[in-house]
Number of protein chains: 2
Amino acid sequence: MTLDRRSGCPINLSLEVFGDRWSLIILRDMIFGGRRHFRELLNGSMEGIASNILADRLKRLMELGMLTKADDPSHKQKAIYSLTEMAITLVPILAHLGAWGRVWLPTSEELSIRAELLEKGGPPMWEKFMAELRHEHLGTPLDTAPGPSVRATLRAAYEAVVAEKALNASPAG
Amino acid sequence: MTLDRRSGCPINLSLEVFGDRWSLIILRDMIFGGRRHFRELLNGSMEGIASNILADRLKRLMELGMLTKADDPSHKQKAIYSLTEMAITLVPILAHLGAWGRVWLPTSEELSIRAELLEKGGPPMWEKFMAELRHEHLGTPLDTAPGPSVRATLRAAYEAVVAEKALNASPAG
DNA sequence: TGCAACCGATTGCAAAATGCAAGCAGAGGA
DNA sequence: TCCTCTGCTTGCATTTTGCAATCGGTTGCA
């Protein structure tokens, strides 16, 4: 996959990589949702991507160097997708994007709690998260302090909000 | 203009606002290039946007609250577009996007010097720039230290690189 | 052994978005 | 007067997207 290269502007080229409706959604689900398989990405994303679009974007992201694909040893038909360093370094951009959307757009509380946490954690939290992703996807040794993983922290916060909402909505008050 | 609202995820909603090929390019030209008129945006952007697409995106960005439009007092046919606070707060995202593109994509040296400067300047420089934009587009009083404007600094850096390249390419060496 | 569920895609087709060139009416300048 | 410039629209071809069905193969289970 070669970029159109409408211009050499960094912002323009970045948009040529993930300036469409789906590429960044896929990366979001891999980064924050831990999805690694085609079917997980297909059924797991709330936005409901079509299978042909997903296949096309995965191919494109691989050709651009954002993803790699490998056989899953546990299942001959399964492919496992991994993030490259190029994709992992999108974490700060996704954090900023989430923070901006949380301020200006009608986000749902459950889904924006993670953006809020990521914003509060700031660059140190992003770095820890990126180290975790490098460990999972690139096999890099994990030399940070143990503690709960950032992904687990985000998921716990999400579930807490969902539980609280369910409680408030329950007949028993 | 109402969002599709495929989901309430902040990242998804942000993409619904400017996750296309042109919206962010237009905002980039207004923010960094100082373009305020339709014709400036049409002819000024290196990427060559079509006039119907430009008209559509300006309308859409206005409906989403990113831009406002007003009559230009100097010319009855001219319209002047202004950034809203919502758009001005994209500056950190654009800075990150430029930094990422500079690292991972085949950017041209002239066009990436500004991203480099913005990256080196960091959040303080972004804040100064945003204050300048608020002054130009929203009429907010400018209370920062005077000095050269960030836009002037970025432009000067760009022209210095262009001049240097011309010198190196000249027959006289 | 049979069979349903699941695997990563692919196909065909309709709908929407985009790109391109030309043109519009009105305003300004000479 | 005539030419240029203003923001923006129109018609049409091309490309991209969305949707549903399907493919050949694998797996787990009865």
Side-chain angles (χ1 to χ4, degrees), chain A residues 1-7 12 15-26 29-30 33-64 67-82, chain B residues 1-7 12 15-26 29-30 33-64 67-82:
Chain A
M1 176 68 52
T2 168
L3 295 172
D4 288 352
R5 208 137 196 320
R6 300 183 300 185
S7 88
N12 172 60
L15 282 179
E16 293 194 24
V17 171
F18 48 77
D20 70 276
R21 283 286 237 229
W22 291 111
S23 297
L24 214 54
I25 294 289
I26 294 169
D29 287 343
M30 291 189 66
R35 325 244 187 240
R36 304 291 295 265
H37 301 291
F38 189 94
R39 228 69 176 196
E40 286 177 346
L41 287 162
L42 187 64
N43 304 322
S45 98
M46 291 159 297
E47 290 84 10
I49 189 170
S51 64
N52 53 346
I53 309 282
L54 176 59
D56 177 81
R57 289 306 185 282
L58 287 173
K59 177 162 162 267
R60 183 177 150 84
L61 288 170
M62 284 173 53
E63 287 166 342
L64 287 168
L67 301 179
T68 58
K69 179 165 113 174
D71 293 337
D72 184 330
S74 77
H75 189 301
K76 282 195 179 173
Q77 262 182 327
K78 275 189 180 173
I80 189 157
Y81 290 92
S82 298
Chain B
M1 175 69 53
T2 169
L3 295 171
D4 287 352
R5 209 135 194 322
R6 300 184 300 187
S7 89
N12 172 59
L15 282 179
E16 293 194 26
V17 171
F18 48 77
D20 70 276
R21 284 292 239 221
W22 290 111
S23 296
L24 215 54
I25 294 289
I26 293 168
D29 286 343
M30 290 189 67
R35 323 247 187 237
R36 306 290 295 266
H37 300 290
F38 189 95
R39 228 69 175 196
E40 284 177 347
L41 288 162
L42 188 63
N43 303 322
S45 98
M46 290 160 298
E47 290 86 8
I49 189 171
S51 63
N52 54 346
I53 309 284
L54 176 58
D56 178 80
R57 290 304 185 281
L58 288 173
K59 177 162 162 270
R60 185 178 148 83
L61 289 170
M62 284 174 51
E63 287 165 343
L64 288 169
L67 301 179
T68 59
K69 179 164 112 172
D71 292 337
D72 185 330
S74 77
H75 190 300
K76 286 196 176 172
Q77 260 183 327
K78 275 188 179 172
I80 189 156
Y81 290 92
S82 298

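In what follows, chains carry the letters A, B, and so on, assigned in the order in which the sequence lines appear, proteins first and then strands, with residues in each chain numbered from 1.
When each of B:Glu40, B:His37, B:Met62 is checked for a side-chain contact (heavy atoms from CB on, under 4.5 Å) with B:Tyr81, only B:Met62 meets the rule.
The backbone N or O of B:Ser74 lies less than 3.5 Å from a partner atom in the side chain of B:Asp72, making a donor-acceptor pair. Side-chain atoms of A:Asp4 do not come within 3.5 Å of backbone N or O of A:Arg6 as any donor-acceptor pair.
In this structure, the separation between CZ on B:Arg57 and CG on B:Leu67 is 12.5 Å, given to the nearest 0.5 Å.
Taking atom CD on B:Glu40 and atom P on D:dG7, their separation rounds to 8 Å, with Å as the unit. Residue B:Asp72 contributes atom CG, which lies 12 Å from atom P of D:dC8 at whole-angstrom precision. Put simply, CG on B:Asn43 is 12 Å from C1' on D:dT6, counting in whole angstrom units. Atom CZ in A:Arg21 sits roughly 17 Å away from atom P in D:dT16 (whole-Å rounding). Between the C1' atom of D:dT6 and the CG atom of B:Leu58 lies a distance of 14 Å, rounded to the nearest Å. We find that CD1 of B:Ile26 is positioned 12 Å from P of D:dC8, with the value rounded to whole Å. Whole-Å rounding puts the B:Leu42 CG to D:dG7 C1' distance at 10 Å. For the pair B:Asp56 CG and D:dG7 C1', the interatomic distance rounds to 15 Å; values are reported in whole Å.
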So which protein nitrogen or oxygen atoms get under 3.5 Å of nucleotides 20-27 of chain D's nitrogens or oxygens?
| unit_1 | atom_1 | unit_2 | atom_2 | d |
| --- | --- | --- | --- | --- |
| D:dG24 | N2 | A:Gln77 | NE2 | 3.0 |
| D:dG25 | N2 | A:Gln77 | OE1 | 2.6 |
| D:dG25 | N2 | A:Gln77 | NE2 | 3.3 |
| D:dG25 | N3 | A:Gln77 | OE1 | 3.4 |
| D:dG25 | N3 | A:Gln77 | NE2 | 2.7 |
| D:dT26 | O4' | A:Gln77 | OE1 | 3.0 |
| D:dT27 | OP1 | A:Lys76 | N | 2.9 |

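Donor-acceptor pairing under 3.5 Å is recorded for the side chains of A:Ser82 and A:Arg36.
Between B:Ser7 and B:Glu16 the shortest heavy-atom distance is N-OE2, 4.3 Å. Nearest heavy-atom pair, A:Ile49 versus A:Leu41, reported as atom, atom and distance to 0.1 Å: CG2-O, 4.1 Å. Residues A:Leu54 and A:Phe38 come closest through the heavy atom pair CD2-O, 3.5 Å.
You'll find the side chain of A:Val17 reaches within 4.5 Å of the side chain of A:Leu3, heavy atoms only.
Between A:Trp22 and D:dG18, a side-chain N or O to OP1/OP2 separation shorter than 4.0 Å is present.
A nucleotide of DNA chain C counts as in contact with chain A when one of its atoms lies under 4.0 Å from a heavy atom; the first and last such, 5' to 3', are C:dC7 to C:dG12.
In this structure, A:Ile53 and A:Lys78 both approach DNA chain C, and ranking their closest nucleotides by distance from the 5' end singles out A:Lys78.
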